[in-house]
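Values in this document were obtained by computation on a predicted structure and should not be read as measured data. Counting convention: from 1, in listed order, for ligands and their atoms alike.
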Amino acid sequence: MADALKLILQAERELAASFEEVDRIALENQDRVLSAFRKNRICEEHFAERTGYGIDDYGREVIDQVFADVFACEAACVRMQMVSGTHAIACALFGNLRPGDKMVSLTGKPYDTLNKVIGANGYSAGSLSDLAVSYVEIDLTAVDTMTDSQLREAIAQVAPAKLFHIQKSRGYSTKRPTLSNTAIARLSRLVKDIDKEALVFVDNCYGEFVEEAEPVSMGADLMAGSLIKNPGGGLALTGGYVAGRRDLVDNALIRLTAPGIGGHLGVTFNQNRLVLQGLFLAPSVVSGAVKGAMLFAQALAKVGLKVDPAGPARRYDIIQAIEFGKREALIDFCRVLQSYSPVNAHVAPEPSEMPGYEDQVIMAGGSFIEGATIELSADGPLREPFAAYLQGGLSYLHVKTALRGVLSNCKVD
Ligand SMILES: *Cc1c(COP(=O)(O)O)cnc(C)c1O
């Protein structure tokens with residue numbers, strides 16, 4: 001145990017400059033969030049519960065406006081009726097694509113749960129492909145190593161298209177990096193150069209508040225994400241958001257509810273205060289999670305594990321990949337991590353099938369909110385290279401405590 005702590009404190013010292021940069025970004029984000037609260041004159045009345053249709057729900061309306069201001073975009077919608085990030089993304093895609101349209105993924109194979117939404121791997125009832133939206137993918141995740149003319153050439157081969165999809169976060173992939181918003185801005189600009197009318201959509205899951213700005217303020221038209229990840233700050237009980245150009249957000253809302261209703265109805269299930277409070281804490285929580293990811297990387301690299309990104313590397317999402325190479329080592333890591341959770345520490349995770357996921361997955365995460373990955377958690381698909389994707393942490397202290405547990409108890413080192 002003494003050795004584990006020594007190793008952690010050493011790693012922390014080595015990360016001092018990186019932590020300073022994380023703090024600088026967090027301060028800017030906190031300032032932006034606070035400004036939006038002040039501008040929108042948030043007050044007790046906005047926390048009131050509404051029932052039934054939720055007509056003229058001031059809380060819902062102000063939350064939409066606060067998110068739009070924080071994300072520096074025309075419009076945003078935040079809805080408890082969006083059951084997950086996948087659902088928010090699906091609303092954005094189905095709302096803005098029509099039969100005969102073409103969708104292009106610029107970042108290769110999308111996140112596992114989107115395969116059935118797109119219908120990318122064969123027939124999937126109700127998918128975009130079932131509704132005659134065609135789909136093509138190219139992989140430009142190496143954007144930072146490519147010249148403008150190389151990128152232009154690659155995009156020109158798949159243009160024109162109605163919508164270009166960019167997944168910011170690496171998701172469950174060891175083969176691609178997470179894209180910076182600068183890289184997303186560059187891709188957006190090149191897409192528009194070639195195809196002026198095309199829409200650029202960003203799957204922003206895990207990206208919020210890691211950088212100083214969000215993709216829609218840097219050239220993308222629309223983005224979506226989950227409230228039980230970064231922007232919910234660990235307090236939102238459920239929900240998703242879509243943000244960007246007003247007409248495109250409206251289209252997503254029409255898909256969520258019905259034509260003629262859009263964003264005008266829908267109660268918030270007495271969640272307004274938690275959603276706002278979670279957003280208010282999000283810059284702090286996300287920066288703690290980023291530091292925690294850096295600390296895990298720096299410490300586990302010292303005991304010989306392959307980590308990506310490296311501890312001090314600049315971050316664009318909260319995910320830390322740790323490769324175990326062996327099935328048993330991955331399972332052991334997840335079990336130890338689970339045992340250092342505030343909730344369900346006494347249960348041992350088992351690999352299992354997950355709806356929407358292709359391989360068996362093992363998930364560690366004894367969270368206050370079920371499945372919340374802004375809380376400390378690790379997911380690992382049971383496939384080569386048996387990597388765990390670690391993310392979250394409501395507090396840096398918890399991540400540090402759990403790391404000490406991992407270093408002391410895992411068989412890996
Ligand atoms: C988590 C995630 C999703 C899907 O979100 P769920 O809430 O799990 O449905 C989509 N894309 C990326 C990159 C994600 O990380």
Side-chain angles (χ1 to χ4, degrees), residues 78-94 103 105-118 120 124 127-128 137 139 141 165-181 183-184 201-211 214-215 220 222-234 236-243 252 256 278 286 289-290 293 315-321 352-359 361-365 367 369-381 387-392:
V78 179
R79 291 295 179 277
M80 303 301 106
Q81 289 86 355
M82 291 175 177
V83 302
S84 66
T86 304
H87 188 194
I89 293 166
C91 288
L93 295 177
F94 280 100
M103 166 178 172
S105 164
L106 292 178
T107 43
K109 193 175 170 303
Y111 191 75
D112 279 17
T113 60
L114 292 178
N115 281 321
K116 288 221 161 64
V117 171
I118 297 167
S124 159
S127 65
L128 288 166
E137 65 193 32
D139 186 351
T141 50
H165 174 97
I166 296 173
Q167 181 182 311
K168 177 175 171 64
S169 169
R170 64 191 302 172
Y172 282 164
S173 170
T174 47
K175 297 196 181 70
R176 58 155 285 188
T178 292
L179 298 190
S180 68
N181 289 334
I184 291 174
F201 170 77
V202 177
D203 170 354
N204 202 32
C205 284
Y206 289 135
E208 301 90 351
F209 300 119
V210 178
E211 297 179 72
E214 301 298 329
L222 192 67
M223 63 183 187
S226 164
L227 285 205
I228 62 167
K229 293 180 180 173
N230 307 14
L237 300 188
T238 186
Y241 77 88
V242 177
L256 175 70
V286 170
V290 169
R315 305 296 167 126
Y316 308 115
D317 68 8
I318 62 169
I319 299 186
Q320 179 63 50
S352 65
E353 314 293 332
M354 284 286 294
Y357 291 90
E358 310 263 284
D359 295 275
V361 180
I362 183 160
M363 295 191 162
S367 50
I369 290 173
E370 192 236 330
T373 44
I374 187 60
E375 300 188 46
L376 183 61
S377 50
D379 314 330
Y389 298 85
L390 175 98
Q391 65 268 312

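- Of the protein's heavy atoms, Tyr357 OH, 4.0 Å lies nearest to atom 8 (O) of ligand 1.
- Summarising the contacts of atom 13 (C) of ligand 1 with Asp203, Thr86, Val202, the nearest heavy atom is found in Asp203.
- Side chains of Glu214 and Asn204: a donor on one and an acceptor on the other come within 3.5 Å.
- For Lys168 and Phe209, the positive end is not near the middle of the six-membered ring at less than 6.0 Å and at most 45° from its axis.
- Summarising the geometry, atom OG1 belonging to Thr238 is positioned 9.0 Å from atom CD1 belonging to Ile369; distances are rounded to the nearest 0.5 Å.
- We find the CG-OG1 distance between Asp203 and Thr113 to be 8.0 Å, quoted to the nearest 0.5 Å.
- If you check which protein heavy atom lies closest to atom 7 (O) of ligand 1, you get Gly85 N, 2.8 Å.
- For the pair Cys205 and ligand 1, the shortest N or O to N or O distance does not fall below 3.5 Å.
- If you take CD on Gln81 and CG on Leu256, they are separated by 6.5 Å, rounding to the nearest 0.5 Å.
- Assignment of Lys229 to the shell around ligand 1 is supported, since a heavy atom sits closer than 4.0 Å.
- We find the OH-CG distance between Tyr316 and Asn181 to be 9.5 Å, quoted to the nearest 0.5 Å.
- Only the side chain of Gln167 comes within contact range of ligand 1, with a heavy atom under 4.0 Å; no backbone atom does.
- Residue Tyr206 approaches ligand 1 through these ligand atoms, each under 4.0 Å from one of its heavy atoms: 15 (O).
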